[in-house]
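Chain naming here is simple, since letters A, B, ... match the order of the sequence lines and numbering starts at 1 in each.
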Amino acid sequence: MRSNFFTESLLNWFENNERNLPWRQTKDPYIIWLSEVILQQTRVAQGLPYFLKFAERFPKVNDFANAEEDEILKLWQGLGYYSRARNMLKTAQLVVEKGAGFPSTYHELIQLKGIGEYTASAIASFSANEKVAVVDGNVYRVLSRYFGIHDAIDQTIGKKNFKKIAEQLLPAANSDQYNQAIMEFGALQCKPKCPDCSTCPLSINCIALKENTINQLPFKSKKQTKKKINLHYLVFKNAENILIRQRRGLGVWEGLYDFAAIEITEKISHDDVLKYSEETFGFTINKIKEPAITYKHILSHIIYQASFWEIEINSSSKVMDNYHWIDHTLIGNYPVSRLVEKYLEG
DNA sequence: AAGACGGGGAA
DNA sequence: TTCCCAGTCTT
């Protein structure tokens with residue numbers, strides 16, 4: 001599967017269409033790592049401001065390694081897939097501990113937390129020009145269409161095939177430029193919806209265009225379903241304090257802060273709230289404000305229907321380890337989900 | 001192999 | 001609504 005026309009056309013297209021992105025101004029594997037992890041499953045437009053924040057706050061891996069997880073998560077707030085942030089801290093700490101600087105070889109990178117095949121290839125290619133092929137969503141799309149490959153990209157067999165083809169296409173020289181080029185081409189020209197094939201320099205040899213299968217490729221075998229969960233938040237307050245909880249072992253939003261909550265499918269009543277408050281916390285309720293609105297919050301695999309009960313109590317009695325009474329004006333200092341953020345915005 | 005894991009932008 | 005984004009990890 002060698003194609004000089006394909007690779008030469010992409011390199012030429014890239015020379016004329018490359019975006020000026022800040023992480024392309026450096027060979028520092030640490031900075032490239034920042035950008036690559038931030039951009040996992042994330043559009044450039046959404047990730048860019050986060051990259052700028054992180055690069056400014058943590059110019060060196062040492063700065064990152066010395067930060068508290070809460071600060072990392074606060075900076076990451078709103079970007080999603082928070083395990084990326086938690087894994088980055090572990091990786092930064094390990095790199096500093098080893099004392100040899102941020103690695104730039106695929107072999108070393110692939111062993112680090114939060115760095116998989118794509119990210120290890122990207123960092124090795126862009127920082128050290130190692131001859132490895134990147135395979136991301138853009139690459140699947142461009143290759144599947146141009147070569148008319150209908151293998152499922154969410155199956156092991158299909159992934160291996162695309163990987164092999166990507167490796168065979170890698171040019172001997174400028175493989176770093178070529179890797180950038182094919183991804184940029186996928187993002188700007190060979191887009192998921194309505195690609196502009198009429199101006200595409202590869203269209204003359206594009207199998208999917210010839211077969212009219214552009215809108216069927218790349219092919220995925222599974223379709224995701226979302227389960228619906230009702231999330232009843234109990235926001236306990238007294239005169240000056242509010243009760244927050246750090247999420248531990250709940251799956252979603254690990255490490256972020258929210259409030260006491262009941263997750264059941266049924267609606268809950270005024271009496272349920274009273275009973276739960278008494279049994280779980282020993283609280284005596286002063287006043288309950290029923291939720292006026294509900295929030296629909298959609299994750300990749302869950303649809304939350306959330307409501308917030310505001311509950312006044314008189315004292316701040318002792319609570320479990322992962323719960324904290326804090327001054328209500330300080331809640332903005334804690335990392336929270338977009339759902340909680342929207343509630344707090346009123 | 002399949003599911004968990006966020007949030008938002010585009011059509 | 002539906003798709004998918006410079007994917008990775010766990011089971």
Side-chain angles (χ1 to χ4, degrees), chain A residues 18-19 21-24 32-51 73 76-88 90-91 109-126 133-142 152-160 162-163 166 176 179-188 190-195 215-227 229 247 249-256 295-304 335-342:
Chain A
E18 176 182 6
R19 284 173 292 184
L21 298 171
W23 46 85
R24 290 186 177 144
I32 294 170
W33 168 71
L34 280 183
S35 73
E36 290 300 338
V37 177
I38 286 171
L39 291 171
Q40 287 167 5
Q41 291 291 287
T42 304
R43 291 171 199 281
V44 166
Q46 188 186 6
L48 181 55
Y50 288 85
F51 169 80
L73 288 173
W76 200 271
Q77 179 174 312
L79 196 55
Y81 286 153
Y82 296 91
S83 66
R84 290 182 290 174
R86 301 191 305 270
N87 283 331
M88 284 180 102
K90 291 176 194 159
T91 287
L109 290 161
I110 194 66
Q111 302 178 50
L112 299 171
K113 283 190 191 306
I115 299 183
E117 282 189 43
Y118 163 75
T119 305
S121 302
I123 299 172
S125 176
F126 304 148
V134 297
V135 183
D136 73 333
N138 293 304
V139 175
Y140 283 130
R141 190 164 54 255
V142 174
I153 64 169
D154 56 356
Q155 300 283 297
T156 305
I157 181 77
K159 287 180 187 169
K160 282 179 65 176
F162 278 103
K163 177 81 171 178
D176 54 347
N179 278 332
Q180 295 273 15
I182 189 170
M183 289 196 290
E184 191 82 332
F185 182 78
L188 300 182
C190 196
K191 296 177 290 188
K193 305 275 183 64
C194 304
N215 55 11
Q216 299 169 33
L217 294 174
F219 174 70
K220 275 187 181 173
S221 61
K222 319 184 275 240
K223 55 223 169 278
Q224 78 279 19
T225 58
K226 294 173 164 57
K227 57 182 171 186
I229 297 178
R247 297 178 63 92
L250 296 173
V252 183
W253 299 315
E254 175 75 24
L256 302 189
Y295 297 77
K296 186 178 186 180
H297 191 78
I298 302 172
L299 306 185
S300 54
H301 56 305
I302 298 170
I303 299 176
Y304 281 115
V336 298
S337 67
R338 275 294 285 145
L339 170 61
V340 170
E341 191 179 22
K342 283 175 179 171

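- Nucleic acid contact for W23(A): base, since at least one base atom lies under 4.0 Å from a heavy atom of the residue.
- Taking 4.0 angstrom as the limit, R84(A) places none of its side-chain polar atoms (N or O) nearer than this to OP1 or OP2 of dC5(B).
- dT10(C) atom P lies 7 Å from atom CG of N87(A), rounded to whole Å.
- Under the 3.5 Å distance criterion, the side-chain polar atoms of R247(A) are left unmatched by any main-chain donor or acceptor of E254(A).
- Considering only side-chain atoms of K342(A), the nucleotide from dC5(B), dT2(C), dG8(B) that sits closest is dG8(B).
- Mapped onto DNA chain C by nearest heavy atom, E184(A) and K296(A) fall at different nucleotides, with K296(A) at the one closer to the 5' end.
- A residue-by-residue look at C194(A) and Q40(A) shows that Q40(A) has its nearest nucleotide of DNA chain B further toward the 5' end.
- Residue contacts for S35(A): at a heavy-atom cut-off of 4.0 Å it reaches no nucleic acid atom on any strand shown.
- There is no side-chain donor-acceptor pair under 3.5 Å between Q40(A) and Y118(A).
- When each of Q46(A) and Q155(A) is assigned the nucleotide of DNA chain B bearing its nearest heavy atom, the one mapping closer to the 5' terminus is Q155(A).
- Going from atom CG of D154(A) over to atom C1' of dT8(C) covers 15 Å, rounded to whole Å.
- Between Y140(A) and dA6(C), a side-chain N or O to OP1/OP2 separation shorter than 4.0 Å is absent.
- Side chain of V252(A), nearest nucleotide from dG7(C), dC5(B), dC4(C): dC5(B).
- Among the protein residues, G78(A) comes within range of the sugar-phosphate backbone only, with heavy atoms under 4.0 Å from sugar or phosphate atoms but none that close to a base.
- Taking side-chain N and O atoms only, W253(A) has a distance below 4.0 Å to OP1 or OP2 of dG7(B).
- Across the interface with DNA chain C, nearest-nucleotide mapping of G114(A) and R24(A) shows R24(A) to be the residue nearer the 5′ end.
- Contact annotation: H301(A) does not reach the phosphate of dG6(B) (side-chain N/O to OP1 or OP2, under 4.0 Å).
- For R338(A), counting side-chain heavy atoms from C-beta on, the closest listed nucleotide (dC4(C), dT8(C), dG7(B)) is dG7(B).
- The interatomic distance linking W33(A) (CH2) with dA6(C) (C1') rounds to 16 Å, in whole Å.
- Of the side-chain N and O atoms in Q41(A), one or more sit less than 4.0 angstrom from OP1 or OP2 of dG7(C).
- Note on ring orientation: taking the six-membered ring where Trp is involved, the planes of Y140(A) and F162(A) are perpendicular (angle over 60°, cut-offs 30° and 60°).
- If you check distances only, the side chain of T42(A) does reach the base of dG6(B) with a donor-acceptor pair under 3.5 Å.
- Rounded to an integer number of Å, the gap from K222(A) NZ to dG7(C) C1' is 13 Å.
- Contact annotation for G116(A): backbone-only contact, meaning every heavy-atom pair under 4.0 Å involves sugar-phosphate atoms and none involves a base.
- For the P atoms, the distance from dA6(C) to dA10(B) is 12 Å, rounded to whole Å.
- The six-membered or imidazole ring of Y50(A) lies away from that of W23(A), with a centre-to-centre distance of 6.0 Å or more.
- Taking only side-chain nitrogens and oxygens, R43(A) never comes nearer than 4.0 Å to OP1 or OP2 of dG7(B).
- Here the side chain of R141(A) pairs a donor or acceptor atom with the backbone of C190(A) at under 3.5 angstrom.
- Note on I38(A): nothing from the nucleic acid sits closer than 4.0 angstrom, heavy atoms only.
- With R338(A) contributing its side chain and G78(A) its backbone, the two residues share no donor-acceptor pair below 3.5 Å.
- Taking atom C1' on both nucleotides, dC9(C) is separated from dG8(B) by 23 Å, rounded to a whole Å.
- One interatomic measurement links the two molecules: OH of Y81(A) to P of dC9(C), which rounds to 13 Å at whole-angstrom precision.
- Within 4.0 Å of K113(A), counting heavy atoms only, lie sugar-phosphate atoms of the nucleic acid but no base atom.
- Rounding to whole angstrom units, CD1 of residue I157(A) and C1' of dA2(B) are separated by 17 Å.
- Ion pairing of R24(A) with E184(A) is present here, as a side-chain N (NZ or NE/NH1/NH2) and a carboxylate O approach within less than 4.0 Å.
- Whole-Å rounding puts the Y82(A) OH to dT8(C) P distance at 19 Å.
- The interatomic distance linking L109(A) (CG) with dT8(C) (C1') rounds to 15 Å, in whole Å.
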